[in-house]
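Since the model is a prediction, treat every value here as computed from it, not as a measurement. Naming convention: chains lettered A, B, ... in sequence-line order (proteins, then strands); numbering from 1 in each chain.
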Number of protein chains: 2
Amino acid sequence: METQLAAATMPVPAASPTKRTGGRSALVLASVRSAVEELIKERGPERVTVPMIAERAGVNPTSIYRRWGDLPTLINEIATYRLDPERPLPESGNLRADLTGWAREIVQHYSKPVNAALLRAGAATAGESESDCLRNRRAEARLFVDRAVNPVITVDQVIDHLVAPIIYRVIFLPLTLDDSTADRLIADLFARA
Amino acid sequence: METQLAAATMPVPAASPTKRTGGRSALVLASVRSAVEELIKERGPERVTVPMIAERAGVNPTSIYRRWGDLPTLINEIATYRLDPERPLPESGNLRADLTGWAREIVQHYSKPVNAALLRAGAATAGESESDCLRNRRAEARLFVDRAVNPVITVDQVIDHLVAPIIYRVIFLPLTLDDSTADRLIADLFARA
DNA sequence: GCCGTAATGCAACGGTTGTTGCTTTTATCT
DNA sequence: AGATAAAAGCAACAACCGTTGCATTACGGC
């Protein structure tokens with residue numbers, strides 16, 4: 001067939017479909033992201049549609065459908081990368097101090113209504129395989145515990161008694177979340193150790 | 001106006017618009033509920049629509065729209081009352097024993113994929129005012145602590161270190177949830193007291 | 001058993017959504 | 001700079017969704 005001939009002729013079977021991330025694509029990505037964030041804050045995660053996002057972003061709906069395929073997929077991606085996984089983390093040499101700074105940052109992050117709304121939306125799709133918008137947070141927890149010389153506590157304990165209460169309150173009891181929450185949970189966590 | 005005349009004539013202004021809960025209505029309610037549960041398990045909470053539910057339930061879509069108005073509202077109601085608030089609760093006279101039984105029940109409940117999916121869906125709408133599908137659970141926690149003679153722990157601690165970790169794992173780490181989870185958390189919780 | 005009316009069913013509609021084939025733009029590589 | 005093809009725009013289309021007015025059923029109170 002034609003493909004065989006072509007394969008024989010070509011030096012390399014063109015197995016490098018170069019992605020385009022810069023320029024216009026980046027602009028579309030950015031404006032779609034902020035459109036989603038605005039709309040989700042304004043109307044709640046359940047009442048946002050793709051055409052609405054497209055209009056707000058000044059972008060054609062087809063661009064969104066072709067890039068993400070799905071509204072849940074799009075929202076989930078935004079929820080996952082809202083808190084930059086590449087950002088600098090506390091590195092004081094003291095586990096408790098590091099976790100304190102880290103927990104405070106998370107509380108502060110999710111105190112913003114936009115981020116709380118995104119988390120709730122992300123929760124809806126969290127069941128399916130690897131679409132978990134909090135996996136970066138757990139990787140960070142693991143990092144802190146793993147590099148400590150004398151951990152005292154386990155990763156599971158950090159998840160259960162620090163991350164979980166914060167996330168639970170963000171989703172279900174947002175009004176009870178304040179700056180003291182992180183410190184209180186840290187105190188509880190290390191009281192046991 | 002006519003209304004004034006009517007009001008003067010009538011002995012009681014008919015201020016009792018009797019609801020109809022039995023017979024057909026009950027049947028519709030039941031079949032809609034199981035249709036939602038089936039579909040949410042099959043396709044995930046985000047890919048279910050009202051017409052789909054109506055067809056599966058053998059009910060007219062308008063009935064659903066008029067009764068609940070909204071898909072999120074419907075799903076949220078089901079998520080809220082899936083675990084019967086009137087069910088008997090442990091009442092051993094011992095706080096730790098009661099909480100243990102209660103926590104085991106919750107873990108077992110949410111180990112079923114249907115209930116986990118409903119919880120995720122409920123999380124998406126949890127921000128808005130009083131549409132919180134876990135409020136009954138928190139009321140129960142309060143009951144246990146309030147009636148204990150020497151509580152040892154606070155309601156907030158039950159929320160943060162027992163309820164929150166279970167719910168977090170149900171939503172984001174369903175595979176890590178097993179029968180030992182409840183006991184482990186209870187142990188952690190009372191270790192401090 | 002009868003009556004009033006709450007609740008469901010039915011049908012038609014206007015608007016929206018998501019898909020598809022094609023054209024235009026433009027990011028990336030040489 | 002020029003060539004290539006990835007990504008975005010455009011237009012048209014067939015679903016589908018949710019609303020509304022009216023007819024039908026049958027629950028609940030007498």
Side-chain angles (χ1 to χ4, degrees), chain A residues 2-3 6-7 9-36 39-40 42-77 125, chain B residues 3 6-7 9-36 39-40 43-77 125:
Chain A
E2 190 184 11
T3 42
T9 311
M10 277 198 250
V12 172
S16 58
T18 45
K19 288 250 176 187
R20 295 187 179 181
T21 56
R24 179 148 81 153
S25 294
L27 202 81
V28 168
L29 179 67
S31 48
V32 166
R33 276 201 182 154
S34 44
V36 169
L39 287 167
I40 247 183
E42 288 175 22
R43 327 195 16 142
E46 299 283 327
R47 332 236 161 168
V48 176
T49 69
V50 172
M52 277 169 61
I53 296 164
E55 192 193 1
R56 178 76 61 104
V59 158
N60 201 285
T62 31
S63 303
I64 296 179
Y65 286 120
R66 293 217 235 250
R67 251 169 97 150
W68 287 280
D70 220 79
L71 181 58
T73 307
L74 165 61
I75 292 185
N76 202 67
E77 193 206 89
T125 64
Chain B
T3 42
T9 311
M10 277 197 245
V12 172
S16 56
T18 45
K19 288 251 177 184
R20 296 184 179 179
T21 55
R24 180 149 80 156
S25 294
L27 201 80
V28 168
L29 180 65
S31 47
V32 166
R33 277 202 182 153
S34 44
V36 169
L39 287 167
I40 245 182
R43 328 194 16 142
E46 300 283 329
R47 331 236 161 165
V48 176
T49 69
V50 172
M52 277 168 62
I53 297 165
E55 192 192 2
R56 178 77 60 107
V59 159
N60 201 285
T62 33
S63 303
I64 296 179
Y65 286 120
R66 292 215 235 253
R67 255 169 96 150
W68 287 279
D70 220 77
L71 181 58
T73 307
L74 166 60
I75 292 184
N76 204 67
E77 194 207 89
T125 65

> At their closest point, which heavy atom of Pro45(A) faces which heavy atom of Ile40(A), and how far apart are they?
Replying inline: CA-CG1, 3.6 Å
> So Val50(A) and Trp68(A), side-chain contact (heavy atoms from CB on, under 4.5 Å) or not? Walk me through it.
Replying inline: CA-CA 10 Å; Val50(A) 172; Trp68(A) 287 280; over 6 Å; no
>> In this structure, how many angstroms lie between the C1' atom of dA6(C) and the CG atom of Leu29(B), rounded?
In response: 15 Å
> Can you list the steps and then say if Val36(B) with Val48(B) is a side-chain contact (heavy atoms from CB on, under 4.5 Å)?
Replying inline: CA-CA 8 Å; Val36(B) 169; Val48(B) 176; 5.8 Å; no
> Are Val59(B) and Ser31(B) close enough that some pair of their side-chain heavy atoms sits under 4.5 Å apart?
Replying inline: yes
> Which residue pairs pass the salt bridge (Lys or Arg N to Asp or Glu O under 4.0 Å) test when at least one of the two sits in residues 53-65 of chain B, sequence neighbours left out?
Replying inline: Glu38(B)-Arg56(B), Glu42(B)-Arg56(B)
> To the nearest Å, how far apart are Arg67(B) CZ and dG9(C) P?
Replying inline: 10 Å
>> Looking at every heavy atom in both Leu71(B) and Thr49(B), which two are closest together, and how far apart are they?
In response: CD2-CA, 4.2 Å
All N/O pairs under 3.5 Å across the protein-nucleotides 12-17 of chain C interface:
unit_1: dT17(C); atom_1: OP1; unit_2: Thr49(A); atom_2: OG1; d: 2.8

>> I'd like to check the side chain to side chain contact (heavy atoms under 4.5 Å, CB included) partners of Thr73(B); sequence neighbours left out, ordered by chain and number.
In response: Asp70(B)
> OP1, OP2 of dG9(C) versus side-chain N and O of Ser63(B): anything below 4.0 Å?
Replying inline: yes
>> Between P on dT19(C) and CH2 on Trp68(A), what's the gap in Å once rounded to a whole number?
In response: 15 Å
> Where along nucleotides 22-30 of chain D does protein come under 4.0 Å, by heavy atom, of base (B) or sugar-phosphate alone (S), with - for untouched nucleotides?
Replying inline: B--BBBSS-
>> Can you measure Ile64(B) atom CD1 to dC10(C) atom C1' for me and round it to whole angstrom units?
In response: 15 Å
> What bend angle does the helix from dG1(C)-dC30(D) to dT30(C)-dA1(D) show across its length, from five-pair end axes and to the nearest 10 degrees?
Replying inline: 60°
> Run the side-chain contact (heavy atoms from CB on, under 4.5 Å) check on Arg43(B) and Met52(B) step by step: do they pass?
Replying inline: CA-CA 11 Å; Arg43(B) 328 194 16 142; Met52(B) 277 168 62; 3.3 Å; yes
>> If I take atom CZ in residue Arg47(A) and atom C1' in nucleotide dC17(D), what distance separates them, rounded to the nearest angstrom?
In response: 15 Å
Result block: side-chain N/O donor-acceptor pairs under 3.5 angstrom for residues 21-28 of chain B, not counting sequence neighbours:
unit_1: Ser25(B); atom_1: OG; unit_2: Arg20(B); atom_2: O; d: 3.4

> Considering residues at least two apart in sequence or located in another chain, which fulfil the side chain to side chain donor-acceptor pair (under 3.5 Å) criterion with Thr62(A)?
Replying inline: Asn60(A)
>> Distance check needed: dT23(C) C1' versus Asn60(A) CG, whole Å only.
In response: 13 Å
> Got a sec, which residues hit side chain to side chain donor-acceptor pair (under 3.5 Å) with Arg67(A), two or more places apart in sequence or on another chain?
Replying inline: none
